[in-house]
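Below is one structure; the comments refer to it alone.
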Amino acid sequence: QKTEITMEEIHENGPSLETRVREESANQIKINETESRQQMLLQSQQMQYITDLFAKNSTKPVKVSSVVVNNAESIRPSVLQSYLDATINQALNFQQLVKQSDTLHHKLVSNGLVEDVSQTLDSRGSFQVPVTQTQLPGLMYKSDIPTSISVLDIVPTLQLQPIKKFSAKTGTNIGNGEGDGYLQFQWRNVLGGGEKFTFDATKGTKTHSSYLLNFTQPISPWWLWDSIIFKNSRQMGQAELFLRGIRTTLKSGFYGDLPVNHELHWENLWRSTKATSTHASDYLLFQGGDDLKSSLCHIMTIDDRDNAISPTRGNYAKLLNELALGKFWKTTLEFSRTNSWFTNDFITMTGTFKGGYISNFHPKSQPLHMGDKFHNGGSNDVRGFQAMGLGPKDLYDSMGGDAFVAYGVSLFSRLPVRRWYESNFRLHWFVNGGRLINHNNTNLSSCIKSLTQEHSTSTGVGLVFKHPVARFELNFTVP
C-alpha cells in the first residue's frame with residue numbers, strides 16, 4: 001500500500017524546516033552565551049585565587065639566588081646583569097619581587113633591548129636565616145621569639161624575544177600636481193646595549209625637504225642619552241619657519257608607583273622665518289629673517305596615570321624651565337587629575353590646568369621671536385577656537401603671547417547601549433577656557449590680574465574613540 005504525504009500535512013503535523021532552523025540557531029546562540037559566561041566566571045575565579053595567593057604571601061621573604069635567561073645572545077652580559085641587579089635582585093619579599101619583575105619587563109622593552117619578555121618564577125624550596133641579637137634585641141632575653149626566619153629560594157626564568165635590528169620604510173604621496181617621498185632607516189640594539197640609530201628624510205615638490213639623524217643610548221636602566229641633528233620646516237599661521245639645529249638630551253625613565261622623571265637638554269638652533277602670504281602683517285614681516293638661539297632646558301614630570309593617552313584615574317604634573325642665553329627665561333606649568341566612578345569606569349572626569357610665563361631680558365632691543373612665544377587655541381588646549389586663534393593679533397596674524405592660562409574639564413561616559421558598551425567609543429562633554437596676553441615685562445601682580453580677566457571659553461559635546469596610540473574626537477563646540 002502506497003501512502004502519499006502532502007506539504008499541507010507536514011505543516012499540520014509539526015513545525016516547518018525554516019522554523020526548526022531558526023529555533024536551532026537561537027538555541028546555539030544561547031549555548032554560546034552560556035559557555036562564554038562560564039568561561040568568564042572561571043577566569044574570574046582563577047584571577048581571584050591568584051590575587052588571594054599573592055595577598056597571603058606578599059610579605060614572604062624571598063632570595064633570588066640565580067636567574068636563568070634564554071635567547072640573550074644579542075645583549076651584552078654586563079648590560080643584562082645591570083638590569084637584573086637594579087630590579088629583581090633587589091627584591092626582599094614576594095610583593096617586591098612581583099613589582100620588580102614588572103619593572104624589568106618594562107625597562108628591557110622600553111630601552112630597546114628586546115621585543116618582549118616572558119617570565120616564570122620557580123622555587124628550590126626554602127632555607128633558614130638566623131636572626132642575631134642586633135637584628136632582634138628581644139633575643140637577649142628568654143622568650144618564644146624564633147631565632148631564625150624561613151626565606152624562599154627563587155629562580156626566575158626569562159625568555160627573551162630578540163629585537164629586529166634593522167628596518168627600513170619608504171613611500172610616496174602624489175596628488176593635485178604635487179608629490180613627496182619619504183625614507184626611514186632604523187638600526188636598533190647596535191652594540192648590545194639598546195643603542196639605536198634613526199635616519200629620516202622627506203623630499204617634496206612643493207614642501208621643503210627635511211632630514212633627521214638621531215642616536216639614542218641607555219647609559220643605565222634608568223637614564224637615557226639622546227643626540228639629534230635635524231633640518232625641517234614648520235607652518236605657523238601665514239609664516240613658514242625653517243629650523244636647523246642640534247640637540248643633546250639626558251633624561252630619566254624611572255618606573256613605579258609615583259615616578260618623578262627629569263629631562264635636561266641643550267639645543268643650538270638656526271631659524272629662518274618667511275612670510276607665505278602677500279597680505280602678511282607688519283608684525284610678520286618684522287619677524288622675517290634669520291635668528292640664532294642656544295638654550296638649556298629642564299623638564300620635570302610626575303605621572304601616575306594608568307594610561308597616558310586615555311587615562312581613567314591618576315595625576316599628571318609637568319614643570320618646564322628654559323633659559324635662552326642672552327634672550328629670555330621661560331617657564332610652563334601643567335597639571336591634570338583624572339578619576340572614574342561606577343562599574344567598569346562608566347563615568348570618567350578629567351580636569352586640566354596650564355600656565356606659562358616668559359621674562360624677556362632685553363624687551364626694547366630684542367623682541368621675542370614668534371617661535372618662542374606661547375600660542376593658544378585648538379584641540380590641544382582651548383577647543384572651539386582655531387589653532388593660534390587666541391591672544392593678540394596684527395591683522396589676521398597671531399602675535400603670540402608671553403603669559404597664558406588655560407583650563408578645562410572633560411566628562412566621558414560609556415555608550416549606554418549594550419552592543420557598544422564595551423567598545424572604545426565614549427560620549428564626551430567638556431568646558432574649556434583661557435587667556436593669552438603680552439605683559440611686556442610688567443610686574444607679576446599686574447600680569448596675574450590681566451590673566452584673570454576676559455577669558456575665552458567654549459563648551460560642547462562629542463564622541464571620542466580611544467585608540468592605543470592616539471585619541472580621536474568628533475565634537476560639536478559652541479565658543
Side-chain angles (χ1 to χ4, degrees), residues 18-19 21-55 98-99 102 105-106 109-110 116 118 255 257-258 303-316 334-353 378-384 407-433 457-479:
E18 182 180 357
T19 303
V21 170
R22 289 180 178 177
E23 292 177 353
E24 185 68 24
S25 299
N27 292 335
Q28 188 63 38
I29 292 175
K30 292 180 180 179
I31 293 174
N32 293 337
E33 291 179 351
T34 303
E35 291 178 351
S36 177
R37 287 195 295 267
Q38 291 176 348
Q39 187 69 20
M40 293 177 61
L41 180 60
L42 181 61
Q43 292 177 355
S44 177
Q45 292 175 347
Q46 291 175 346
M47 184 62 67
Q48 186 63 39
Y49 173 76
I50 295 175
T51 302
D52 294 340
L53 184 64
F54 282 174
V98 173
K99 288 185 178 180
D102 183 48
H105 178 278
H106 175 79
V109 174
S110 63
D116 196 10
S118 60
Y255 181 77
D257 295 330
L258 191 62
D303 190 359
D304 65 350
R305 297 172 298 177
D306 55 355
N307 186 283
I309 298 175
S310 302
T312 58
R313 53 184 46 83
N315 302 303
Y316 175 77
E334 179 180 351
F335 177 78
S336 69
R337 180 177 177 85
T338 305
N339 206 353
S340 298
W341 298 273
F342 307 116
T343 306
N344 294 330
D345 300 329
F346 186 82
I347 298 292
T348 300
M349 178 179 287
T350 299
T352 303
F353 172 83
S379 58
N380 290 329
D381 41 44
V382 184
R383 298 179 179 89
Y407 49 86
V409 176
S410 295
L411 188 67
F412 305 92
S413 74
R414 292 181 177 271
L415 299 182
V417 180
R418 181 178 179 182
R419 181 177 180 181
W420 298 296
Y421 181 82
E422 297 292 341
S423 69
N424 289 331
F425 288 96
R426 298 290 187 273
L427 296 177
H428 183 207
W429 172 84
F430 59 88
V431 174
N432 292 131
T457 58
S458 64
T459 185
V461 295
L463 189 66
V464 175
F465 178 70
K466 298 170 58 176
H467 192 270
V469 297
R471 190 173 77 184
F472 301 94
E473 299 183 5
L474 178 62
N475 296 322
F476 173 76
T477 310
V478 179

Within-4.5 Å side-chain heavy-atom neighbours: [X] and [Y]:
{"X": "T348", "Y": "T338", "value": "yes"}
{"X": "N432", "Y": "T457", "value": "no"}
{"X": "L427", "Y": "V461", "value": "no"}
{"X": "S410", "Y": "R383", "value": "yes"}
{"X": "Y255", "Y": "D102", "value": "yes"}

Spacing of [atom1] belonging to [X] relative to [atom2] belonging to [Y], to within rounding of 0.5 Å:
{"X": "I347", "Y": "N339", "atom1": "CD1", "atom2": "CG", "value": "12.0 Å"}
{"X": "R426", "Y": "L415", "atom1": "CZ", "atom2": "CG", "value": "7.5 Å"}
{"X": "S310", "Y": "F472", "atom1": "OG", "atom2": "CZ", "value": "10.0 Å"}

Which heavy atom of [X] sits nearest a heavy atom of [Y], and at what distance?
{"X": "G384", "Y": "P479", "answer": "O-CG, 3.6 Å"}
{"X": "I309", "Y": "P468", "answer": "CD1-O, 3.2 Å"}
{"X": "V382", "Y": "S458", "answer": "CG1-OG, 4.4 Å"}

Sequence-distant partners of [X], salt bridge (charged side-chain N to carboxylate O under 4.0 Å, His left out), two or more places apart:
{"X": "D303", "answer": "R305"}
{"X": "K99", "answer": "D257"}
{"X": "R337", "answer": "none"}

Does a sphere of radius 6.0 Å around CG in N380 hold more than 12 heavy atoms from other residues, nucleotides or ligands, not counting ones at 6.0 Å or beyond?
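Check fails, neighbour count at 12 or below.
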Under 3.5 Å, is there a donor-acceptor pair between the side chain of D304 and the main chain of G314?
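Looks like no, no N/O pair under 3.5 Å.
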Donor-acceptor pair, distance only, cut-off 3.5 Å: does the side chain of S340 make one with the backbone of T312?
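Pair found, side chain donor or acceptor close to backbone of T312.
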Quick one: which residue pairs count as a salt bridge (charged side-chain N to carboxylate O under 4.0 Å, His left out) with a foot in residues 340-352, not counting sequence neighbours?
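Qualifying pairs, neighbours excluded: R313-D345.
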Listed partners of [X] passing side chain to side chain contact (heavy atoms under 4.5 Å, CB included), at least two apart:
{"X": "V409", "answer": "M349"}
{"X": "F476", "answer": "V478"}
{"X": "Q38", "answer": "T34"}

If the condition is ring-ring contact (aromatic ring centres under 6.0 Å, His included), which residues does [X] pass it with, not counting sequence neighbours?
{"X": "F425", "result": "F465"}
{"X": "H467", "result": "none"}
{"X": "Y407", "result": "H455"}
{"X": "H428", "result": "F412, F430"}

According to the side chain to side chain donor-acceptor pair (under 3.5 Å) rule, which pairs have a member within residues 411-421, sequence neighbours left out?
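Those involving residues 411-421 do not exist here.
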